[in-house]
There are 2 protein chains.
Amino acid sequence: MVRIVDVAKKANVSTATVSRVISNSGTVKKDTTERVLKAIESLNYQPNILARQLRRSETKTILVVVPDITNTFFSKVLRGIESVAIDSGYQVLLGDTLNDAERESGYLNILRQKKADGMILLTAKVDGQVVEDIAKQYPVVIACEYTEGSEIPTVSIDNVSSARKAAEHLITLGHRRIGTITGPFDSVLGRDRLKGFQQAMAQHGIPLDSLLVQEGDFSFESGCNVMQKFLALGVPPTAIFAANDEMAIGAIKAIKSKGLKVPEDISVVGFDNIKFASIFEPALTTIAQPSYEIGQKAIELLIKLINKDELDKNQYILEDKLIVRESSKKCLS
Amino acid sequence: MVRIVDVAKKANVSTATVSRVISNSGTVKKDTTERVLKAIESLNYQPNILARQLRRSETKTILVVVPDITNTFFSKVLRGIESVAIDSGYQVLLGDTLNDAERESGYLNILRQKKADGMILLTAKVDGQVVEDIAKQYPVVIACEYTEGSEIPTVSIDNVSSARKAAEHLITLGHRRIGTITGPFDSVLGRDRLKGFQQAMAQHGIPLDSLLVQEGDFSFESGCNVMQKFLALGVPPTAIFAANDEMAIGAIKAIKSKGLKVPEDISVVGFDNIKFASIFEPALTTIAQPSYEIGQKAIELLIKLINKDELDKNQYILEDKLIVRESSKKCLS
DNA sequence: GAATTCATTGTAATCGATTACATTTTGAAT
DNA sequence: ATTCAAAATGTAATCGATTACAATGAATTC
């Protein structure tokens, strides 16, 4: 292995000078620089990043904790994160929690052990206090989710108002008996989207039927299962608001397999606008989150935190958008 | 920051002893161990991984280079990799190349700089020789793709025979005029799947119409575009073999938008069996790759390489499976 | 009781780059 | 030619854990 001393020897300078050349400090004479560069080239020298990291105590790595990497919403956020990261000289360490709180907390140690300079959480299942504590000591940004009263910088859409918007869309179409497949109650996301749904219903004076509020876990399967329960009710809902697209698609599959049609018999609205939402048939009416941009903004904030720059604010709310496609329609009954 | 010397001082031992306790060397007396553990606990000490890495010159990190993280096939492979990695004490550094060769080669430096102990490539767009050279110096495993005559360990299915199987399925159904949407010709994957297709046609004595072989880039959009070209032909094909599911779904969308039906008018077969293949309508006939297992096997091999264990063989071919669903049907014309 | 072995612990070198501080060189000013 | 500041370079400490080697002490053997 070629070390900095080897380069120094070859170029007939000290290691300090070589290091200066590498880091472009600008204090090295032109011909010395050239000599060093030539030596680096001829030895095919690559600085040992570990040594640099130890000395500078920085890793140029950030940890991204994702609940489900196979969900294209998250993978798009991740892509936004990664591309800004690379351009800023950072690498991305991946943590896929499989929606498991224990696994999630395991990843927190990576920060404590200084294996990453900061962390972006795309999920927050573990105890809020634990995250708060970590965030006091290390740079942390939460994306997608948002915790009230927290000091941790956040990038997300306004989930409550988006969910309200989605529900209002259905109400405006004349639906009254609306079922909702929520996200897990132990996630803020799940709770917020339910809250928005409830607000819309309340504002239009529609009483809430607790049978029509069922918890899902953001998976296709859970959407399917919950919908089957709805369909088994004496009076099934005429419309469904699902807290994400995967569950919405699951619900539609369940509806279809009962011989019913979407949107003719039951309207369905999803959330996220994953890649597949527009491809699926019927194309899904959904709330479009600016996934890529959420990722970009999150990493920008994180890098500012790492550099101890001031943030102008703590909570960045990006614009969402209701995209009306084929899966929702006027209520006929 | 708490250092090992702080713990040593508090427990009244040397740093060596603390280190021994941490690494479970088993040579430390019971009550000393307890004393050290207590000190670690009370100081809330976490070893600085950077220092350990430098000293041991290992990072316990592996780099995974993916062509497209939003493709659920790759994210499932990635998930397989990550779960085995975590269980073996490794972390995953993510490299999303966006199908760009330049970006891909940028990631290779991570290995050279010792920021990862090894690498798994889920793509290989860069010059084969470059990869070969890297693989001579560092542990590298290629998954999904496979290069003939290479020394680099590989995990994949037999793409040629799988593609042949898919094409034969269509031929057996009576199709003769079969179009294929290939992967990019600069990827082995694209070439291998085309080769399988050609073999099947040749074996059944069906002459190849070069108009019916069109290059795609594995994206939904390219599937759509190529299909439109096929449909504009004087005699369009009665069946399509697409080199991955995303393109197959794109093709089906194009077919439907012309007012034609799948499989009644045109049969379509895909490749990969992504999450969405069974959900889409018509459910996609496709080749199922054991994505999760490919990931697991790849990381197992890589860890063996890192530990300089012997591999019993260099190329692991996993079982694929033709899954016949709704998108393919007997040829009527 | 001396010699030997083994278990336990300590001392200090080491990984390789960075950088504070020290020293030398350069060039301008007088 | 001398002085002095600025520029360029060098020396050596440093980051924090690991580990080769050394040292100590206890147990065992003869």
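The shown structure was predicted, so the numbers you read here are calculated from the model rather than taken from an experiment. Residue numbers start from 1 in every chain, and the chains themselves are labelled A, B, ... in the order their sequence lines are given, proteins ahead of strands.
Between B:T32 and C:dT9, a side-chain N or O to OP1/OP2 separation shorter than 4.0 Å is present. When the side-chain nitrogen and oxygen atoms of A:T27 are compared with OP1 and OP2 of D:dT9, none of them lie within a distance under 4.0 Å. At the phosphate of C:dT14, neither OP1 nor OP2 sits under 4.0 Å from any side-chain N or O atom of B:R56. Between A:Y45 and C:dG16, a side-chain N or O to OP1/OP2 separation shorter than 4.0 Å is absent. Using a 4.0 Å cut-off, no side-chain N or O of B:T15 falls inside it from OP1 or OP2 of D:dA17.
Between B:A51 and B:N12, the residue anchored closer to the 5' end of DNA chain C is B:N12, taking for each the nucleotide with the nearest heavy atom. Mapped onto DNA chain C by nearest heavy atom, B:A16 and A:I49 fall at different nucleotides, with B:A16 at the one closer to the 5' end.
Separating the NZ atom of A:K9 from the P atom of D:dT9 is a distance of 20 Å, rounded to the nearest angstrom. One interatomic measurement links the two molecules: CD of B:E58 to P of D:dG16, which rounds to 20 Å at whole-angstrom precision. Atoms CG (A:L50) and C1' (C:dT18) sit 14 Å apart, rounded to a whole Å. A:K115 has its NZ atom 16 Å from the P atom of D:dA17, to the nearest Å. In this structure, A:R3 places its CZ atom 15 Å from C1' of C:dT18, rounding to the nearest Å. Regarding B:R112, its CZ atom lies at a distance of 17 Å from the P atom of C:dA17, rounded to whole Å. For the pair B:Q53 CD and D:dT19 P, the interatomic distance rounds to 13 Å; values are reported in whole Å. With rounding to whole Å, B:K29 atom NZ is found 9 Å from D:dA27 atom P.
For A:R55 and D:dG16, a side-chain-to-base donor-acceptor distance below 3.5 Å is absent, hydrogens and geometry of angles not being considered.
Residue B:S14 has its side chain nearest to C:dT11 when only C:dA17, D:dT19, C:dT11 are considered. When each of C:dG10, C:dT18, D:dG10 is scored by its nearest atom to the side-chain atoms of A:T17, the top-ranked nucleotide is D:dG10. Checking D:dA17, C:dT11, C:dA17 against the side-chain heavy atoms of B:P47 singles out D:dA17 as nearest.
Within 6.0 Å of CD in A:Q137 there are more than 12 heavy atoms belonging to other residues, nucleotides or ligands.
Using a 4.0 Å heavy-atom cutoff across all strands shown, B:V18 reaches no nucleic acid atom at all. Residue contacts shown for A:V13 are limited to sugar-phosphate atoms, with no base heavy atom under 4.0 Å away.
Between B:R79 and A:D68, at least one side-chain N (NZ, or NE/NH1/NH2) sits under 4.0 Å from a carboxylate O, which counts as a salt bridge.
In this structure, B:K76 fails the cation-pi test against B:F73, since its NZ or CZ atom is not both closer than 6.0 Å to the six-membered ring centre and inside 45 degrees of the ring normal.
Looking only at atom types and distance, the side chain of B:T154 has no donor-acceptor partner in the side chain of B:S156 under 3.5 Å away. Of the N and O atoms on the side chains of B:S83 and B:Y292, at least one donor lies less than 3.5 Å from an acceptor on the other residue.
The side chain to side chain contact (heavy atoms under 4.5 Å, CB included) test with A:V66 is passed by exactly one of A:I81, A:L94, A:V77, A:T97: A:L94.
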